[in-house]
Number of protein chains: 2
Amino acid sequence: MPPSRRMTLKDLAAELGVSTASISNAFNRPDQLSPMLRERILNEAKRLGYAGPDAKARSLRTGRSQIIAVILAESLTYSLNDAVASELLSGIAEVLDAHGHTMLLLSGRQHGSETHGSTNMADGYIVYGLMPSMTMLSELPAQNPLVAVDFDIEHCPTIHIDNEPASYSIARHALLTPPKRPAVINLRLTKQPCNGRITDEHDLFSAHHTITRSRLMGIHRAFKESGIDPASVPMWNVEENIHDVCAPVIADILDQPEEHRPDLLLCMSDRIALTALTLAEQRGLCVPDDLRITGFDGIAEGQYRAPRLTTVRQDSIEKGRLAARMILGLSPKEQKYLSTELLIGESCP
Amino acid sequence: MPPSRRMTLKDLAAELGVSTASISNAFNRPDQLSPMLRERILNEAKRLGYAGPDAKARSLRTGRSQIIAVILAESLTYSLNDAVASELLSGIAEVLDAHGHTMLLLSGRQHGSETHGSTNMADGYIVYGLMPSMTMLSELPAQNPLVAVDFDIEHCPTIHIDNEPASYSIARHALLTPPKRPAVINLRLTKQPCNGRITDEHDLFSAHHTITRSRLMGIHRAFKESGIDPASVPMWNVEENIHDVCAPVIADILDQPEEHRPDLLLCMSDRIALTALTLAEQRGLCVPDDLRITGFDGIAEGQYRAPRLTTVRQDSIEKGRLAARMILGLSPKEQKYLSTELLIGESCP
DNA sequence: GCTGCTAACTAAATCGTTACAGCTCCATGG
DNA sequence: CCATGGAGCTGTAACGATTTAGTTAGCAGC
């Protein structure tokens with residue numbers, strides 16, 4: 001036996017003088033053979049360094065790989081460092097792991113034009129966020145289950161939260177104390193890329209970004225209810241939910257002369273709000289006395305600090321758990337809305 | 001053709017009246033057949049809904065899956081929410097993605113006693129951190145490449161940083177301003193689990209955790225050099241690098257009567273240091289005037305705040321990139337030490 | 001003694017590709 | 001006119017498992 005080639009199930013069968021079926025059963029179905037033979041096989045396998053059936057061959061034969069692919073709208077580099085996406089992945093991993101599955105990470109923003117060759121190996125797909133191109137999704141094997149999170153696909157079970165009411169509730173809370181100069185910081189909500197002040201209202205609402213769009217609707221509803229004309233509220237936009245991208249926009253906002261500087265900042269995400277908090281503190285502004293700030297998401301970083309962020313907590317971990325359970329068929333595949341919770345921190349009491 | 005079964009390469013070949021080899025070549029090796037035939041095949045494939053060769057079968061035949069497994073010492077739930085691990089994963093993903101590979105996430109802390117069935121499907125393994133049990137590693141296919149990060153495995157290329165000198169340098173910086181009451185917060189450095197004050201010096205240095213051990217050595221060296229007996233410095237320990245686990249320990253430290261409360265806190269990680277910062281601010285202590293704090297790692301969260309954390313930055317993204325390059329054979333497989341950088345923020349000027 | 005049943009095992013087909021060897025045909029060069 | 005060679009294609013043997021159907025042997029019941 002040349003040690004060059006790895007040992008296979010067949011080799012082991014020959015060595016032991018039994019059929020390959022018995023070896024396979026010894027590893028997979030203990031009830032199908034006598035305990036004596038099973039033990040003999042397992043011992044000999046260990047002695048000869050056979051680590052068990054090859055996953056590649058098994059997956060071809062059985063049609064299943066025990067792999068669930070998570071397709072993230074953004075790049076992996078971004079997603080892995082984004083708290084919301086990370087929590088989602090945590091929840092997914094937790095459930096998959098408990099049921100003997102593993103997680104393959106893919107990005108919808110495919111490198112170059114080709115999708116990865118290993119894409120169609122997965123047993124199922126969890127899609128997170130708005131896909132830049134739908135072609136990738138249409139190329140997935142149709143018979144494999146697909147679950148979407150925070151993004152609607154036709155005829156596909158989806159997990160979301162109710163963004164409009166959630167956003168309305170936090171805005172309403174903030175407006176209980178009437179602001180002198182409120183402002184809103186949107187996330188990627190303009191048709192044309194715009195990192196700064198939104199001057200043309202008509203440029204608002206890029207067709208697709210329904211999540212942040214709903215959040216802005218909620219905010220507008222709260223404004224109207226408080227007798228404030230939404231059109232009179234200055235709006236800003238950031239292109240990416242990343243500190244370094246948000247910082248210059250927020251610096252512009254805060255560096256205005258005091259009589260123009262907002263005293264209430266409604267932010268579309270905690271990342272934006274935290275950046276605002278940092279920049280305010282660096283300028284010696286007191287939060288919440290000089291400036292009140294709200295976020296959205298409820299990430300840990302916003303709660304593990306002083307002052308804590310006033311925000312809407314969405315349970316991304318639970319989103320992930322549920323998505324994984326749906327994919328594995330442990331929960332019914334349906335449209336599911338998870339509840340949110342208003343967290344009132346010191347940043348906007 | 002019943003639409004029940006998925007279309008295969010062989011079906012397509014029959015439909016077109018060409019050999020399976022030509023279909024395969026049309027998808028994989030354009031130079032092996034005439035452009036005319038290739039186009040005909042690709043068109044027909046699209047028309048009949050054949051999405052390309054099946055990854056499961058291909059991986060069996062070729063022996064490669066284009067999948068690299070990342071085995072994390074901690075649970076996936078922890079790792080995905082830890083900034084250092086996330087940055088490492090980012091770096092890995094970036095390089096793998098650029099070279100047509102995908103990333104499979106595994107945890108060394110296997111669920112139950114069985115390792116995942118899909119483990120041996122990967123083409124290579126990147127191991128991060130101290131494995132709770134080495135049996136998992138010994139079961140990996142021996143002919144597949146293995147690269148370790150922050151953890152020594154015999155005869156295995158490894159990527160680390162020089163923890164002792166890095167830790168020494170930041171401690172020395174902190175001690176330039178002589179502290180009245182310095183203290184150290186260790187990370188999982190006791191033999192017996194201990195979340196709080198370390199009273200018995202003999203209990204220090206759990207056999208394995210060489211990283212934090214080296215960091216403490218560096219701190220001790222700096223103390224000696226400043227004429228301070230390390231044994232006189234109170235030491236504390238936290239069991240997990242998580243806010244909720246660190247918080248009670250740090251609360252104990254800060255809630256001591258003022259004459260015992262430390263004025264310098266050397267923390268083994270940024271996570272610990274940030275928790276300390278938060279708790280100090282909540283108690284109205286001024287950092288750095290009442291209390292100076294240092295961390296270790298250089299995570300973004302520590303720099304995107306005011307005051308910024310004084311810390312040692314290790315480039316975890318680069319660690320990941322390098323690990324991925326080694327696994328793919330793009331960089332020589334060797335023992336590699338990456339450099340670190342002292343970041344001086346306002347938390348300990 | 002015959003039938004029927006179960007436990008324990010085997011033989012062979014199959015999963016969907018890739019890769020190797022070989023075949024045909026036409027152009028080229030001597 | 002024959003040899004040479006390459007372009008373009010085909011046929012088929014792996015790859016390493018799982019699974020179905022089938023073969024024993026042993027035992028119980030009548």
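Every chain is numbered from 1 and lettered A, B, ... according to where its sequence line falls, protein lines coming before strand lines.
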Quiz question: by atom type and distance under 3.5 Å, do the side chains of Thr8(B) and Asp11(B) form a donor-acceptor pair? yes

Where the side chain of Ser24(A) is concerned, which of dT19(D), dG8(D), dT10(C) is the nearest nucleotide? dT19(D)

What's the CD1-P distance between Ile41(A) and dT10(C), to the nearest Å? 8 Å

Would you call Asp54(B) and Arg6(B) a salt bridge, taking side-chain N to carboxylate O under 4.0 Å as the test? yes

Under a 4.0 Å N-O cut-off, is there an ion pair linking Glu318(B) with Arg325(B)? yes

Looking across every strand, which nucleic acid part, if any, lies under 4.0 Å from Tyr50(B) by heavy atom: base, sugar-phosphate, or nothing? sugar-phosphate

Of the nucleotides dC9(C), dT19(D), dT10(D), which has the atom closest to the Arg29(A) side chain? dT19(D)

Under 4.0 Å between any heavy atoms, over every strand shown, what does Leu37(B) touch: base, sugar-phosphate, or nothing? Just pick one. sugar-phosphate

What's the closest nucleotide to the Asp54(A) side chain, out of dT18(C), dG16(D), dA11(C)? dG16(D)

Under 4.0 Å, heavy atoms only, any strand: does Leu60(B) hit a base, just the sugar-phosphate, or nothing? base

Which nucleotide wins on minimum distance to the side chain of Ser34(B), given the candidates dG8(D), dA17(D), dA8(C)? dG8(D)

Side-chain atoms of Thr8(B) come closest, of dG16(D), dG16(C), dT18(C), to dG16(C)

Roughly, in whole Å, what's the span from CG in Leu12(B) to C1' in dG16(C)? 13 Å

Determine whether the side chains of Thr102(B) and Ser118(A) contain a donor N or O and an acceptor N or O closer than 3.5 Å. yes

Which part of the nucleic acid, if any, lies within contact of Ser22(A), taking any heavy atom under 4.0 Å across all strands shown: a base, the sugar-phosphate backbone alone, or nothing? base

Taking NZ in Lys333(B) as the centre, count heavy atoms belonging to other residues, nucleotides or ligands within less than 6.0 Å. Is the count above 12? yes

Between atom CD in Gln143(B) and atom C1' in dG16(D), what is the gap in whole Å? 13 Å

Minimum-distance nucleotide to Arg58(A) side chain [options: dA17(D), dT18(C), dT10(C)]: dA17(D)

Just checking Thr62(B): base, sugar-phosphate only, or nothing, at a heavy-atom cut-off of under 4.0 Å? sugar-phosphate

Which nucleotide wins on minimum distance to the side chain of Leu9(A), given the candidates dT17(C), dA17(D), dG11(D)? dA17(D)

Is it the case that more than 12 heavy atoms not belonging to Gln335(A) sit under 6.0 Å from its CD atom? yes

Distance check needed: dT19(D) P versus Ile23(A) CD1, whole Å only. 16 Å

Between Pro53(A) and Leu33(B), the residue closer to the 5' end of DNA chain D by nearest nucleotide is Leu33(B)

So, under a plain 3.5 Å distance rule, would you say the side chain of Arg61(B) forms a donor-acceptor pair with the base of dA19(C)? no

Rounded to whole Å, please give me the gap between CD in Gln32(A) and C1' in dC9(C). 10 Å

Rounded to whole Å, CG of Asp31(B) lies from P of dA7(D) at a distance of 10 Å

How close or far is atom P of dA19(C) from atom CG of Asn25(B), stated in whole angstroms? 9 Å

Spacing of Lys56(A) atom NZ relative to dG16(C) atom P, expressed in whole Å: 19 Å

Contact class for Thr20(B) vs. all strands (heavy atom < 4.0 Å): base, sugar-phosphate, or nothing? base

